Every structure is written in C-alpha cells, then in structure tokens.
Amino acid sequence: CYNCNEPGHFSRECPKEKRPSRPRADSPERPQCFNCHEPGHYARDCHKARRVRSRSPSPAVCYNCNEPGHFSRECPKEKRPCRPRADSPERPQCFNCHEPGHYARDCHKA
C-alpha cells in the first residue's frame with residue numbers, strides 16, 4: 001500500500017486515514033520547470049538559458065560516411081547507395097542457412 005506502506009492491500013482499499021498527497025510537478029497549482037528545476041513556471045516560460053540534453057555521451061556518427069560530428073542527413077559527402085534489405089522481395093535471405101534466394105520456410109537444409 002502506498003498510503004500506509006503495509007503489504008496485503010492497495011492504497012484505494014487502505015483502512016487507515018489517507019495521507020495528504022504532495023503536489024505533483026505537473027500540477028497546475030505548482031508547475032515545475034524541467035529546464036532549471038525551479039517551481040512556479042514551465043520550461044517554455046523559463047528565463048534561464050536552455051539546458052542542452054544529450055541522449056548519448058558519444059558524438060553523433062554519420063551512417064553515410066561513418067565520421068563523427070554530423071548525422072547522415074547533414075552529410076556533405078555523396079550519398080552511398082542503400083543495401084538491399086534481407087527481407088526485400090527482390091532478394092530474400094534465409095534465416096535458417098543464411099543463403100540468399102529463398103526464405104526459411106523453403107529451406108532445403110531444414
């Protein structure tokens with residue numbers, strides 16, 4: 001139970017008096033900024049500089065030229081041709097023997 005911290009029942013079924021809940025961060029009464037983490041305003045209204053959040057600690061690597069510092073959509077080099085996908089109808093590849101030209105259901109090595 002989140003109300004009394006005892007096992008065996010849910011907080012909605014708790015026989016003890018309900019604890020007062022603290023205001024949520026997304027509550028309209030007391031919003032909290034996800035940029036500076038101060039209460040009283042939202043990030044879109046924050047007066048402090050925007051915090052840059054990185055999804056990964058490593059720099060971006062281009063899938064076109066494999067060089068760091070940019071994404072493939074921003075690559076200055078000529079776009080390399082796409083490889084045909086293994087599940088492409090033009091060239092199926094077997095997941096059983098890994099040979100191209102047939103699917104696993106038609107594999108002769110099964």
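The model shown is predicted, which means the values in this text are computed figures rather than measured ones.
- Considering only residues two or more places apart in sequence or on other chains, Glu13 meets the side-chain contact (heavy atoms from CB on, under 4.5 Å) condition with His9, Phe10.
- By the ring pair (Phe, Tyr, Trp, His ring centres under 6.0 Å) test, His47 is found to be paired with His41, residues two or more places apart in sequence or in another chain being considered.
- Atoms OH and CD, on Tyr42 and Gln32 in that order, are 11.0 Å from each other to the nearest 0.5 Å.
- Across all non-hydrogen atoms, the minimal contact from Asn64 to Ser72 is N-CB, 3.9 Å.
- Taking each heavy atom of His108 and Glu99 in turn, the nearest pair found is CE1-OE1, 4.1 Å.
- Considering all non-hydrogen atoms of both residues, Cys4 and Cys14 come closest at SG-SG, 3.8 Å.
- What you find for Glu67 and Lys77 is that their closest heavy atoms are OE2-NZ, 2.6 Å.
- Between Cys46 and Asn35 the shortest heavy-atom distance is SG-ND2, 3.3 Å.
- Arg80 approaches Asn66 most closely through the heavy-atom pair NH1-ND2, 4.2 Å.
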